[in-house]
Amino acid sequence: VIPGRCAASNPESRDSGFTLRVPRNDREIEGTAMSKGLIDLISILDLEPLEVNLFRGNSPKTSWQRVFGGQVIGQAMVAACRTVEGRLPHSLHCYFILPGDPQIPIIYEVERLRDGKSYSTRRVTAIQHGHAIFSIMVSFHAEEEGAFDHQDKMPDVPPPEKLTAEEVAKQPMFKEMPDFIRRYYESDRPIELRPVELGRYFGQKIDDGRIHVWIRTAAKLPDDPALHMCALAYASDFSLLDAIMARYGRTLFDKRMMPASLDHAMWFHRPFRADEWLLYAQDSPSAQDGRGLTRGLIFKPDGTLVASVA
């Protein structure tokens with residue numbers, strides 16, 4: 001990696017009768033008191049059905065020259081979820097084939113590969129200008145009890161409350177932070193980011209490449225477990241390449257670099273809410289031949305491991 005309706009009232013419930021319900025008009029949006037950040041994320045993940053197994057997604061108006069990888073992952077996952085009943089995703093594996101054009105819609109074609117007793121499998125291809133730009137496999141699992149239950153321990157890092165803009169501004173280094181980096185983390189994004197290791201923005205090398213970022217959606221999401229999974233899939237592509245750069249005291253803002261994701265995988269372990277703080281612990285075990293590998297573990301503040309990324 002260099003690199004609508006929900007029967008469940010609680011996104012941390014495993015009940016999964018859903019079709020990703022989203023607000024449809026201004027009155028409904030106003031009634032749910034959604035912020036601009038949330039409206040943007042909802043509109044990004046809301047696909048237009050064109051035909052059976054065929055959907056259309058749009059890109060937000062930004063200055064980016066290509067479509068953000070997390071957007072394509074999230075939209076493709078929504079398309080897959082729209083074709084499955086009674087099950088939630090447990091993993092996804094995808095490849096970025098061509099850069100996406102943010103000026104035109106993206107067509108998502110879903111192939112229903114399997115609907116078994118416990119698992120369902122969907123393949124989704126994202127298409128622009130008649131060419132596949134992205135391909136993803138998503139596996140869904142019916143809820144069941146297992147004999148084993150273990151997880152890695154969450155790293156000991158400062159909580160997000162200690163990393164607010166107000167708290168960080170008290171540190172002398174933040175006042176010296178280049179404007180383009182400050183704007184990146186202070187901008188009105190659908191995802192709020194609070195990095196732990198600020199020193200890496202000033203050339204500090206992190207020898208083991210282990211970095212940590214607190215993430216959450218910019219505002220509250222509806223109680224739809226599938227939507228929270230799609231939102232986390234969207235967010236999982238933010239900052240993931242930083243773990244590679246951190247070993248060298250460099251950042252993704254380095255104009256000598258042209259970072260891009262080649263592939264992406266994600267596993268969902270336990271229920272969570274994407275609109276509550278989650279710790280994204282990342283590392284990079286290897287880089288070579290112009291490619292690098294990064295991994296991530298995503299924890300709830302209470303230490304529960306909810307997802308893994310590579």
Just by distance, with hydrogens left out, do His212 and Glu197 show a side-chain donor and acceptor under 3.5 Å apart?
yes

Sequence neighbours excluded, the answer for ring-ring contact (aromatic ring centres under 6.0 Å, His included) partners of Tyr119 is His90, His141

Minimal heavy-atom distance between Val138 and Pro89, with the atoms involved, is CG1-CB, 4.0 Å

Are Pro301 and Pro159 close enough that some pair of their side-chain heavy atoms sits under 4.5 Å apart?
no

Taking the side chain as everything from C-beta on, heavy atoms only, tell me whether Ser261 gets closer than 4.5 Å to Asp237.
yes

Between Asp208 and Arg247, is the closest basic N to carboxylate O distance under 4.0 Å?
no

Over all heavy atoms of both residues, which pair between Leu221 and Ala231 is shortest? Give the atoms and the distance, please.
CD1-CB, 3.9 Å

Main chain of Ile104, side chain of Gln128: is a donor-acceptor contact present, judged purely on distance under 3.5 Å?
yes

To the nearest 0.5 angstrom, please state how far the CZ atom of Phe299 sits from the NE2 atom of His269.
9.0 Å

Does Gln151 reach the main-chain N or O of Leu305 with its side chain, forming a donor-acceptor pair under 3.5 Å?
yes

Between CD1 of Ile106 and OG1 of Thr125, what distance do you get to the nearest 0.5 Å?
12.5 Å

Cluster check Leu50, Val124: I/L/V/M/F/W/Y, side chain < 4.5 angstrom:
no

Closest non-hydrogen atom pair, Pro49 against Leu47
CD-O, 3.5 Å

Of all heavy-atom pairs between Phe96 and His264, which one has the smallest distance, and what is that distance?
CE1-CB, 4.0 Å

Quick one, Ile97 and Ser135 - any side-chain contact, counting heavy atoms below 4.5 Å?
yes

Sequence neighbours excluded, the answer for salt bridge (Lys or Arg N to Asp or Glu O under 4.0 Å) partners of Asp101 is none

Does CD in Glu109 sit with more than 12 non-hydrogen atoms of other residues, nucleotides or ligands closer than 6.0 Å?
no

Could you please spell out the steps behind the side-chain contact (heavy atoms from CB on, under 4.5 Å) verdict for Leu240 and Tyr280?
CA-CA 9 Å; Leu240 191 55; Tyr280 201 172; 3.3 Å; yes

Could you verify whether a donor N or O on one side chain and an acceptor N or O on the other, from Asp283 and Thr294, lie under 3.5 Å apart?
no

Applying the side-chain contact (heavy atoms from CB on, under 4.5 Å) test to Leu227, which of Asp275, Leu232, Ile42, Thr217 qualifies?
Ile42

Same cluster or not: Ile211 versus Val309, using hydrophobic residues (I, L, V, M, F, W, Y) connected whenever any side-chain heavy atoms lie under 4.5 Å apart?
no

Please tell me whether Ile73 and Trp267 are part of a single hydrophobic cluster in this structure, the criterion being side-chain heavy atoms less than 4.5 Å apart.
no

Between Thr121 and Phe140, is a side-chain contact (heavy atoms from CB on, under 4.5 Å) present by the stated rule, with each step listed?
CA-CA 6 Å; Thr121 307; Phe140 297 76; over 6 Å; no

In the structure I gave you, are the side-chain heavy atoms of Leu279 and Pro155 within less than 4.5 Å of one another anywhere?
yes

CZ-CD distance between Phe134 and Gln71, expressed to the nearest 0.5 angstrom
11.0 Å

Cys81 side, atom SG; Leu88 side, atom CG - distance, nearest 0.5 Å:
7.5 Å

Does CZ in Arg66 sit with more than 12 non-hydrogen atoms of other residues, nucleotides or ligands closer than 6.0 Å?
no

Please check if the side chain of His228 supplies one atom and the backbone of Pro222 the other of a donor-acceptor pair under 3.5 Å.
yes

Measure the acute angle between the ring planes of Tyr234 and Phe238, then classify it against the limits of 30° and 60° as parallel, tilted or perpendicular.
perpendicular

Salt-bridge test for Glu85 and Arg87: reply yes if a basic N is under 4.0 Å from a carboxylate O, no otherwise.
no

Glu192 versus Trp277: any side-chain heavy-atom pair under 4.5 Å?
yes

Under a single-linkage definition using a 4.5 Å side-chain heavy-atom cutoff for Ile, Leu, Val, Met, Phe, Trp and Tyr, are Leu297 and Met154 assigned to the same hydrophobic cluster?
yes

Is there a side-chain contact between Arg295 and Ser284, using heavy atoms and a 4.5 Å cut-off?
no

Using a cut-off of 6.0 Å, state whether more than 12 heavy atoms not belonging to Glu144 lie near its atom CD.
yes

Looking at Ser239 and Val213, what are the two nearest heavy atoms and their distance?
OG-CG2, 4.0 Å

Could you check whether Arg122 and Thr83, counting side-chain N and O atoms only, form a donor-acceptor pair closer than 3.5 Å?
yes

Salt bridge or not between Arg82 and Asp46? Use side-chain N to carboxylate O under 4.0 Å.
yes

Between Asp289 (side chain) and Arg291 (backbone), is there a donor-acceptor pair under 3.5 Å?
no

Answer with yes or no whether the hydrophobic clustering places Ile44 together with Ile215; edges join I, L, V, M, F, W, Y residues whose side-chain heavy atoms lie under 4.5 Å apart.
yes

Does a side-chain heavy-atom distance below 4.5 Å link Asp40 with Pro60?
no

Tell me, with the steps shown, if Cys94 and Asp263 meet side-chain contact (heavy atoms from CB on, under 4.5 Å).
CA-CA 6 Å; Cys94 57; Asp263 54 359; over 6 Å; no

Ser139 and Ser120: side-chain contact (heavy atoms from CB on, under 4.5 Å), yes or no, with the steps?
CA-CA 6 Å; Ser139 183; Ser120 295; over 6 Å; no

Residue pair Pro271 / Pro225, side-chain heavy-atom distance below 4.5 Å:
no

Between the side chain of Arg56 and the main-chain N/O of Ile107, is any donor-acceptor distance below 3.5 Å?
no

Assess whether atom CD of Gln65 is packed by more than 12 heavy atoms of other residues, nucleotides or ligands within 6.0 Å.
no

Looking at Glu276 and Arg216, does any basic side-chain N land under 4.0 Å from a carboxylate oxygen?
no

Smallest separation among heavy atoms of Pro158 and Val196, with atom names:
CD-CG1, 3.8 Å

